[in-house]
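A short write-up of the structure that comes next.
Throughout, a chain's letter reflects where its sequence line sits, starting with A, and its residues are numbered from 1. All heavy atoms count here, side chains included; hydrogens, waters and symmetry mates do not.
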Amino acid sequence: MSISDSQKPAQFSLTTPLYYVNGLPHVGSAYTTMAADALARFYRLRGNDVLLITGTDEHGQKIQRTAEQLHRDPQAHCDEVAEGFQDLWQRLNIHYDRFSRTTSDLHAQIVKEFFLRVWEKGDIYLGQQQGWYCVECEEFKEERDLLSEKRCPIHTNRAVEWRDEQNYFFRLSRYQQALQDHYANSPQFLQPDIRRNEILNFVSQGLQDFSISRVNLDWGIPVPNDPKHTLYVWFDALLGYITALLEPDAEPTLENALKNWWPIDLHLIGKDILRFHGVYWPAMLMSAELPLPKAIFGHGFLTKDGQKMGKSQGNTLDPFDLVDRYGADAVRYYFLKEIAFGRDGDFNETRFIDILNADLANDLGNLLNRTLKMAVKYCEGKVPAIDPQAMPQDWSLVQLAQGAGEKASEAYSVLSFSIACEVALSLVRIGNKFIDEQAPWSRYKAGEIETVNQILYAVLESVRLAAYLLAPIVPNLSTKIYQQLGYSVDFNDLGEPTSLKLLKEHDRWGCLPPRQTFGQPEPIFQKLMAPSLDLEP
RNA sequence: AGCGGGAUAGAGCAGUGGCAGCUCGUCAGCCUCAUAAGUUGAAGGUCGAAGGUUCGAGUCCUUCUCCCGCUACCA
């Protein structure tokens with residue numbers, strides 16, 4: 001199963017949603033993006049060519065209105081918010097390859113070409129959209145959802161209006177069978193299973209065509225053959241994934257965009273937009289006769305202290321504030337380790353602090369620190385000069401470490417970030433027990449130098465392996481560990497082919513080179529303090 | 001209303017027929033290499049309720065309660 005060196009490295013492309021720029025990013029967007037970044041880092045470490053796409057969706061009446069309220073040009077408003085997203089991604093140590101914006105000129109070209117392709121297929125037609133319309137929501141409402149006196153259930157003091165307007169529609173109904181066949185033939189297409197079930201259920205009830213244009217909308221891309229209409233959401237935003245694939249100097253054509261990276265391996269999204277990615281999008285692509293993405297994963301939602309977050313509830317969790325107070329590694333670790341990816345999860349600050357201090361400071365950080373300081377004293381500041389292969393094979397730590405790389409790799413491949421972390425943490429926990437049992441400090445006093453060397457090597461190598469396996473989640477921390485062990489590696493600098501090569505075998509036990517000189521031992525993760533609510537002097 | 005998910009220790013979770021477990025937190029003993037870290041042990045559970053199948057049920061069946069998601073245009 002080994003890949004020969006002459007072959008091109010396997011490619012892996014993935015996307016986050018293109019986030020709506022109605023406001024600065026919330027923690028849910030950050031969650032998706034952190035997961036995407038961790039996965040991208042995992043594949044890069046494996047030696048794959050990776051393309052991580054994120055970006056912003058910038059059209060729509062809500063944006064236009066928000067800009068107007070701020071007495072600002074809509075584009076200027078979008079620029080500023082998009083910059084806010086990029087700023088947060090930088091703070092969270094996200095390494096994306098493309099940032100796709102739906103207001104870019106390139107995008108308009110791609111949208112036009114795609115639209116015409118579907119148009120020529122006969123899947124777009126002018127129809128009549130009738131229904132109760134809430135101006136605030138910008139949505140047509142089902143009559144059964146309305147409150148008394150035809151009031152919108154969200155904007156309870158506003159009555160909905162009867163609208164009867166011409167819109168363009170996409171013939172989604174035509175693709176029901178093809179979609180169902182695809183779901184059946186590609187069980188990995190919709191993940192996790194619970195979301196797949198929802199979609200299967202939904203599609204089996206029959207599909208209606210959906211409208212893809214609006215008439216009273218200026219801020220957007222005009223319908224190519226009828227500029228009185230403006231494209232609405234899905235025939236705009238979803239295509240941003242394709243626009244993102246254009247090489248920097250390429251002509252904006254579908255052919256150029258799809259040349260290298262299509263189809264996308266994974267669309268990572270929140271569960272709220274699964275239908276659009278799992279039903280609308282593949283149907284649109286089928287209509288355009290393009291290959292479908294390999295998989296779509298809808299992750300769960302976050303609550304805060306068990307409560308749904310929302311501006312109206314006033315209990316939002318600000319990702320900027322979180323990362324500023326605790327750092328990127330801490331935030332990434334909490335969300336990816338403490339929440340089973342795919343399920344809903346909760347943020348609780350006390351728990352956040354407890355978990356980080358226990359796992360990263362006490363267990364991992366302190367294990368490195370105590371072992372390294374012994375090695376500095378007992379082994380002249382170098383990795384003990386022993387043969388890693390000649391280690392006592394009955395040591396539980398060694399046995400565990402030998403299987404850890406593969407286990408973690410399997411976990412990452414199925415987006416089980418939490419399990420990948422547990423694999424690394426189990427090495428650390430067993431390492432702490434092992435060092436207590438073996439008590440190298442006593443053995444050193446008793447003159448058992450050879451055994452001390454073996455013990456310290458085994459523990460340091462386990463910490464190295466744990467750091468390597470955690471690198472997609474906590475790259476800064478892993479870098480610190482590697483540097484204290486004497487490497488000059490930076491896990492944030494993996495664009496370099498040389499460093500990639502260097503690390504390719506590092507998921508295996510026994511890499512740590514004997515006699516390598518250590519860096520300065522110092523705590524890699526300072527304990528977090530709870531915010532002080534103490535008002536007394 | 002229909003479909004699906006969930007209810008197990010103070011918190012978060014694992015556990016598809018055989019002694020109820022893991023992590024965090026709490027309390028106590030041990031160690032002294034270490035970031036007041038580590039380690040060992042303890043306390044803490046009538047496994048949502050009731051009934052049934054079985055030698056044996058957290059696990060299978062039936063009924064019920066509560067919570068959550070989906071049931072079409074929520075970026």
RNA chain B-proximal residues of residues 348-365 of chain A, any heavy atom under 4.0 Å = A/Arg351, A/Asp354, A/Ala358, A/Ala361, A/Asn362, A/Asp363, A/Gly365

message = On the side chain of A/Asn366, is there an atom forming a donor-acceptor pair with the base of B/rA34 - under 3.5 Å, no angle test?
response = yes

key: Criterion ring pair (Phe, Tyr, Trp, His ring centres under 6.0 Å) against A/His267, the qualifying member of A/Tyr241, A/Phe189, A/Phe297   = A/Tyr241

message = Using a 4.0 Å heavy-atom cut-off, does A/Phe301 contact any base of the nucleic acid, only the sugar-phosphate backbone, or nothing at all?
response = nothing

message = Which nucleotide, if any, forms a Watson-Crick or G-U wobble pair with B/rC66, using both distances under 3.5 Å?
response = B/rG6

key: Selected nucleotide, minimal atom distance to A/Gln208 side chain, candidates B/rA72, B/rA75, B/rU39   = B/rA72

task = On the 0 to 90° scale, with breaks at 30° and 60°, tag the A/Tyr326-A/Phe352 ring pair as parallel, tilted or perpendicular.
result = tilted

query = NA contact type, A/Ile435, heavy-atom cut-off 4.0 Å: base, sugar-phosphate, or nothing?
reply = nothing

query = Which whole number of Å gives the distance between the P atom of B/rC47 and that of B/rG4?
reply = 26 Å

key: Proximal nucleotide (of B/rG69, B/rA75, B/rC73) relative to the A/Tyr20 side chain   = B/rA75

A/Asn197 CG to B/rC3 P, straight-line distance once rounded to whole Å = 13 Å

task = Name the closest nucleotide to the A/Gln129 side chain, picking from B/rA75, B/rA72, B/rC73.
result = B/rC73

key: Nearest to side-chain heavy atoms of A/Arg195, which nucleotide of B/rG69, B/rU40, B/rA72   = B/rG69

request  = Any chance you could lay out the salt bridge (Lys or Arg N to Asp or Glu O under 4.0 Å) test for A/Asp329 and A/Lys480, step after step, and finish with the verdict?
outcome  = CA-CA 12 Å; A/Asp329 280 347; A/Lys480 281 189 197 164; over 6 Å; no

key: Selected nucleotide, minimal atom distance to A/Arg429 side chain, candidates B/rG4, B/rU23, B/rA72   = B/rU23

message = From NZ of A/Lys377 over to P of B/rU32, roughly how many Å is that when rounded to an integer?
response = 13 Å

